[in-house]
Number of protein chains: 2
Amino acid sequence: MRLVIAQCQVDYTGRLSAHLPWAKRLIVVKADGSVSVHADDRAYKPLNWMSPPCSLTIREPDADEACAVPALGARVQQVWEVDAVTGDHLQILLGDVDLDVTEDLGVDPGLQKDGVEAHLQELLAENPEAFGDGWSVVQREYMTPIGPVDILCRDAEGTYVAVEVKRRGEIDGVEQLTRYLDLMNRDHLLGGHVQGVFAAQQIKPQARTLAEDRGIDCLTVDYDALRGMDHPEERLF
Amino acid sequence: MRLVIAQCQVDYTGRLSAHLPWAKRLIVVKADGSVSVHADDRAYKPLNWMSPPCSLTIREPDADEACAVPALGARVQQVWEVDAVTGDHLQILLGDVDLDVTEDLGVDPGLQKDGVEAHLQELLAENPEAFGDGWSVVQREYMTPIGPVDILCRDAEGTYVAVEVKRRGEIDGVEQLTRYLDLMNRDHLLGGHVQGVFAAQQIKPQARTLAEDRGIDCLTVDYDALRGMDHPEERLF
DNA sequence: GGGTGCATATCGCTG
DNA sequence: CAGCGATGTGCACCC
């Protein structure tokens with residue numbers, strides 16, 4: 001990883017065009033080939049970047065570029081050209097350099113996450129009684145031509161129920177489930193009528209209203225309680 | 001901006017839980033208060049971070065934490081605690097420090113962008129003949145109770161047309177326009193029938209199929225050509 | 001502050 | 001490779 005703090009001017013052309021006037025910024029070159037240009041705000045988001053795969057070429061400024069004066073009495077020291085196979089291009093003109101360090105970080109052992117939608121789905125699939133007495137799971141990630149239904153269940157009467165699981169239930173999730181239901185209701189193998197359940201840790205009022213208007217049941221899920229019902233020894237950490 | 005490269009172990013609890021085992025990483029503290037932990041890959045995305053507003057407290061390790069040995073012969077030097085008002089918490093245990101520099105970057109003059117959806121919408125609103133002869137613009141960002149329609153037009157026959165503009169036309173955009181049309185078709189002030197146009201630089205086949213199935217017309221827009229029809233002297237750069 | 005939509009979104013999985 | 005969905009999405013804008 002290489003860290004450079006320098007006066008710079010940046011131009012990007014690709015999916016859009018963007019221009020950064022002269023200012024002092026941080027430039028990060030990672031081992032994966034990525035290049036990012038950061039200001040002292042915007043949290044972790046850079047002002048400009050190039051994602052790998054891309055190639056970085058560093059060269060002397062030509063006569064024309066040397067005239068692009070970063071500050072009074074200063075001059076352009078280097079020109080960085082970053083090219084991606086997609087045609088995206090990032091050009092960085094560098095003036096005075098305040099920091100230029102390179103450190104080998106090695107490969108990161110990686111990130112362990114807990115509490116994402118996949119875990120919620122897993123817990124619900126293992127505890128279908130959370131939906132109601134006599135419910136059973138037919139299949140997780142039940143594939144339809146337009147995407148996978150999170151959990152396909154049958155209720156106590158044997159009716160098929162498509163369950164859409166979300167951490168936060170918003171209007172998009174209801175639209176998604178509606179598309180699945182429209183399709184599944186045309187499938188005679190599923191009995192001609194598939195019920196819908198929208199399950200989330202938190203359901204926005206507008207999403208609930210839309211769901212109920214479409215005959216979809218809503219279930220608010222307590223992740224920690226459900227986790228407690230499960231096997232505590234299987235927790236990640 | 002403060003840049004630290006050090007052996008570290010990171011734990012995050014908030015919207016989810018996440019754990020990073022000991023490894024050498026880059027830690028960035030920006031003037032906006034944000035803290036990001038980077039590995040040497042994942043392009044500009046950090047492994048873990050805290051967004052402002054948040055507070056950073058640096059302290060000595062207690063007896064318990066000192067036992068968390070980062071590497072053979074090393075010991076925990078510092079503990080960083082980052083807290084957000086939302087209750088989110090980030091804890092970083094630091095071992096050996098390889099780099100610790102602080103630089104004042106000042107306020108960034110900012111970013112100029114060209115070619116995003118807003119520009120496309122602007123160009124189309126100024127050139128409604130792109131939709132067809134005799135078309136006129138009624139209003140941009142026409143408000144409905146569920147959100148703004150990008151452009152409301154009338155065609156040569158005087159029929160109202162809701163135009164949804166996207167850089168890349170995908171299925172979500174068709175759903176969005178459909179919701180607007182459902183609502184507007186109940187509005188007698190708009191003549192009881194509002195036509196739909198889905199305009200984008202590129203329209204995915206599935207989005208096109210869905211749109212046509214719903215009676216929505218598709219228009220592929222050439223941004224550069226449209227820009228040429230417009231006033232070249234008004235270009236950003 | 002909630003609702004809505006845009007983003008150079010990025011990333012991972014599946015077919 | 002495309003399609004689809006999740007993301008600690010983040011962010012701006014508007015009511």
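Letters A, B, ... mirror the listed sequences (proteins, then strands); counts begin at 1. For the numbers below, each heavy atom of this structure counts, side chains included, while hydrogens, waters and symmetry mates do not.
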(message) Measuring only the P atom in each nucleotide, how far is C:dT8 from C:dT4? A whole number of Å is fine.
(response) 23 Å

Sub-3.5 Å pairs of nitrogen or oxygen atoms, protein against nucleotides 10-15 of chain C:
residue : atom : partner : partner atom : Å
C:dC11  : OP1  : B:Arg42 : O            : 3.4

Work out how far the P atom of D:dG8 is from that of C:dG5, and round it to whole angstrom.
23 Å

Testing D:dG8, D:dA6, C:dT8 for proximity to the side chain of A:Ala18, the answer is C:dT8

A:Tyr180 has its side chain closest, among D:dG5, C:dT4, D:dA6, to D:dG5

Discussion item. Taking the basic N atoms (NZ, or NE/NH1/NH2) and the acidic carboxylate oxygens, is any pair closer than 4.0 Å for A:Glu212 and A:Arg214?
Written reply: no

Legend entry - Donor-acceptor contact below 3.5 Å, side chain A:Asp83 vs main chain A:His89: no

When A:Leu16 and A:Pro205 are each assigned the nearest nucleotide of DNA chain C, the 5'-most assignment goes to A:Pro205

From CD of B:Gln201 across to C1' of C:dC6 the rounded distance in Å is 14 Å

B:Leu90 atom CG is separated from D:dG8 atom C1', nearest whole Å, by 11 Å

Quick one, B:Val4 with B:Trp80, criterion side chain to side chain contact (heavy atoms under 4.5 Å, CB included). Give me CA distance, side-chain angles, the key distance, then yes/no.
CA-CA 12 Å; B:Val4 176; B:Trp80 291 23; 3.9 Å; yes

Q.
It should be established whether B:Gln176 places a side-chain nitrogen or oxygen under 4.0 Å from OP1 or OP2 of nucleotide C:dC6.
A. yes

Q) Touch check for A:Ile146, heavy atoms < 4.0 angstrom, all strands: base, sugar-phosphate only, or nothing? A) sugar-phosphate

*What is the nucleic acid contact for B:Asp172, judged by heavy atoms within less than 4.0 Å: base, sugar-phosphate only, or nothing?*
nothing

**Report entry** A:Val79 and A:Ile58, any side-chain heavy atoms less than 4.5 Å apart
**Finding:** no

Sorted by position of nearest nucleotide on DNA chain C, 5' first, the leading residue of A:Met50 and A:Gln206 is A:Gln206

query = Hey, is A:Arg179 close enough to B:Glu175 for a salt bridge, meaning N to O under 4.0 Å?
reply = yes

To the nearest angstrom, the CG-C1' distance between B:Leu111 and D:dG10 comes to 15 Å

Taken to the nearest whole Å, CD/B:Glu164 to P/C:dT4 is 14 Å

In whole angstroms, the gap separating P of C:dC6 from CG of B:Leu177 amounts to 11 Å

Can a donor-acceptor pair be found, under 3.5 Å and without considering hydrogens, that links the side chain of B:Lys30 to the backbone of A:Ala39?
yes

- Inspect the contact between B:Glu103 and B:Arg2 and indicate whether a charged nitrogen and a carboxylate oxygen are less than 4.0 angstrom apart. no

Here the distance between atom C1' of C:dG3 and atom CG of A:Leu210, to the nearest Å, is 14 Å

So, is B:Arg179 close to the C:dG3 phosphate, meaning a side-chain N or O under 4.0 Å from OP1 or OP2?
no

So OG of A:Ser36 and NZ of A:Lys45: to nearest 0.5 Å the spacing works out to 10.5 Å

Requested in this report: Would you tell me if any nitrogen or oxygen in the side chain of A:Lys204 comes within less than 4.0 Å of OP1 or OP2 on C:dG2?
Outcome: no

Rounded to whole Å, NE2 of B:His89 lies from P of D:dG8 at a distance of 18 Å

Closest of C:dC6, D:dA6, C:dT8 to the A:Lys166 side chain is D:dA6

Between CG of B:Leu120 and C1' of C:dA7 the distance, given in whole Å, is 14 Å

